[in-house]
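Please read all numbers here as calculations on a predicted model, not as lab measurements. We number each residue from 1, following the sequence as shown.
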Amino acid sequence: MGVPVAAVAALANTRIGRKIAIGMLLIIALAGALILTPLFAIPFAVAGQSITADGGRPPAPVANGDWGYPLAGDYFKGRGFGYNPVLGCSYCSTDHQGYDMAQGCAAAVHAAGPGRVITAGTYQGYGNAVRIDHGDGLVTLYGHMQWNSLLVGVGDQVGAGVPLGAEGNTGKSFGCHLHYEVRQGGTPIDPQPFMAARGLPLK
């Protein structure tokens, strides 16, 4: 009994003995990790399946007939239509021609109504933008979206709720938000009464 203990103690004091001891500790640690991995991996896998059960699509915005909100869910209201100066922003227009709404960088931006995409990419001071022609001189614009986020191209036919891209901070922008603009015959009109007339009041 004393001989094996003495042999192990003598082996532990050698370089080879220390390497063997370290190797044994690594094997024990790996075996423990293999045993414990399912305890952590299975709950995450189940949670991931419930999140992507709908194919990973973002939630659709509320719609009323052919029209819907450009963002799904609640949002923060930024500048409204008309005279709205931004303190500390020398390049921001004081005559705001749209309605700013924000859910945070990368939030999904949706088409508000049916029509044909006439712009998908860089557009004036709006940065990465999409414009949709709804017919009869009515055009909506979705500005400041993230670069490389657009999901539509010029000529695409879209309907309310179709994802266009992601909320961003491109162009003449002062933080992540969606600039939603409505033009009738080339003239900007206030999006609030326009959307309210379609049963979709903005904040």
Enquirer: Please round to the nearest 0.5 Å and tell me the distance separating atom CZ of Arg116 and atom CZ of Arg131.
Expert: 10.0 Å
Enquirer: Using modelled atom types only, decide if a donor and an acceptor are shared between the side chain of Ser149 and the backbone of Ala166 within a distance under 3.5 Å.
Expert: yes
Enquirer: For Lys19, look at atom NZ and say whether over 12 heavy atoms of other residues, nucleotides or ligands are found less than 6.0 Å away.
Expert: no
Enquirer: Would you list the pairs meeting disulfide bond (SG atoms under 2.5 Å apart) in which at least one residue belongs to residues 94-193, sequence neighbours left out?
Expert: Cys105-Cys176
Enquirer: Are any side-chain N or O atoms of Asp156 and backbone N or O atoms of Val117, one a donor and one an acceptor, separated by less than 3.5 Å?
Expert: no
Enquirer: Got a sec, which hydrophobics cluster with Phe81, joining ILVMFWY side chains under 4.5 Å apart, including via others?
Expert: none
Enquirer: Do Tyr69 and Asn64 have side chains that get closer than 4.5 Å, going by heavy atoms?
Expert: no
Enquirer: Between Trp67 and Phe194, how do the two ring planes meet: parallel, tilted or perpendicular, split at 30° and 60°?
Expert: perpendicular
Enquirer: Less than 4.5 Å apart, any side-chain heavy atom of Tyr75 and any of Leu202?
Expert: yes
Enquirer: Membership question, hydrophobic clusters at under 4.5 Å side-chain separation (ILVMFWY): are Val62 and Val158 in the same one?
Expert: yes
Enquirer: Using atom types as modelled and distance alone, determine if a side-chain donor or acceptor of Tyr123 lies under 3.5 Å from a backbone N or O of Gly143.
Expert: no
Enquirer: Evaluate the side-chain proximity of His110 to Leu71: yes if any heavy-atom separation is below 4.5 Å, no if none is.
Expert: no
Enquirer: Flag this pair as yes if the NZ/CZ of Lys172 is under 6.0 angstrom from the six-membered ring centre of Tyr126 and inside a 45 degree cone about the axis; otherwise no.
Expert: no
Enquirer: Say you draw a straight line from CD1 of Ile132 to CG of Leu141; how long is it, rounded to the nearest 0.5 Å?
Expert: 9.5 Å
Enquirer: When you measure from the side chain of His177 to the backbone of Ala102, do you find a donor-acceptor pair of N or O atoms at a distance under 3.5 Å?
Expert: no
Enquirer: Would you say that Val139 contacts Ile118 through its side chain, given a criterion of any heavy-atom pair below 4.5 Å between the two side chains?
Expert: yes
Enquirer: Would you confirm whether Asp100, through its side chain, and Gly78, through its main-chain N or O, come within 3.5 Å as a donor-acceptor pair?
Expert: no
Enquirer: Could you tell me the separation between the CZ atom of Arg183 and the CG atom of Asp133, rounded to the nearest 0.5 Å?
Expert: 13.0 Å
Enquirer: Do Tyr180 and Leu151 sit in the same hydrophobic cluster, where Ile, Leu, Val, Met, Phe, Trp and Tyr count as joined when their side-chain heavy atoms come under 4.5 Å apart?
Expert: no
Enquirer: Compare all side-chain heavy atoms of Val130 with those of Met145 and state whether any distance is below 4.5 angstrom.
Expert: yes
Enquirer: How are the rings of His144 and His179 set relative to one another: parallel (under 30°), tilted (30 to 60°) or perpendicular (over 60°)?
Expert: perpendicular
Enquirer: Within the distance-only criterion (no hydrogens, no angle test), does the side chain of Tyr99 pair as donor or acceptor with the backbone N or O of Lys203 below 3.5 angstrom?
Expert: yes
Enquirer: Is it possible for you to say whether Tyr142 and Phe174 belong to one hydrophobic cluster, with membership spreading through side-chain heavy-atom contacts below 4.5 Å?
Expert: no
Enquirer: Under the 3.5 angstrom rule, does the side chain of Thr170 hit a backbone N or O of Asn128 as a donor-acceptor pair?
Expert: yes
Enquirer: Counting N and O atoms only, with roles assigned by atom type, does the side chain of Glu167 sit under 3.5 Å from a partner on the main chain of Gly104, one being a donor and the other an acceptor?
Expert: yes
Enquirer: Using modelled atom types and a 3.5 Å cut-off, is there a donor and acceptor pairing between side-chain atoms of Gln146 and backbone atoms of Gly165?
Expert: no
Enquirer: In terms of hydrophobic clustering (I, L, V, M, F, W, Y; side-chain heavy atoms under 4.5 Å; direct or indirect links), are Ile28 and Ile20 co-clustered?
Expert: no
Enquirer: Could you tell me which non-hydrogen atom of Gly68 sits nearest to which non-hydrogen atom of Ala160, and how far apart they are?
Expert: N-CB, 3.8 Å
Enquirer: If you round to the nearest 0.5 Å, how far is CD1 of Ile189 from CD of Glu181?
Expert: 10.0 Å
Enquirer: Any heavy-atom pair between the side chains of Val182 and Pro188 that's under 4.5 Å?
Expert: no
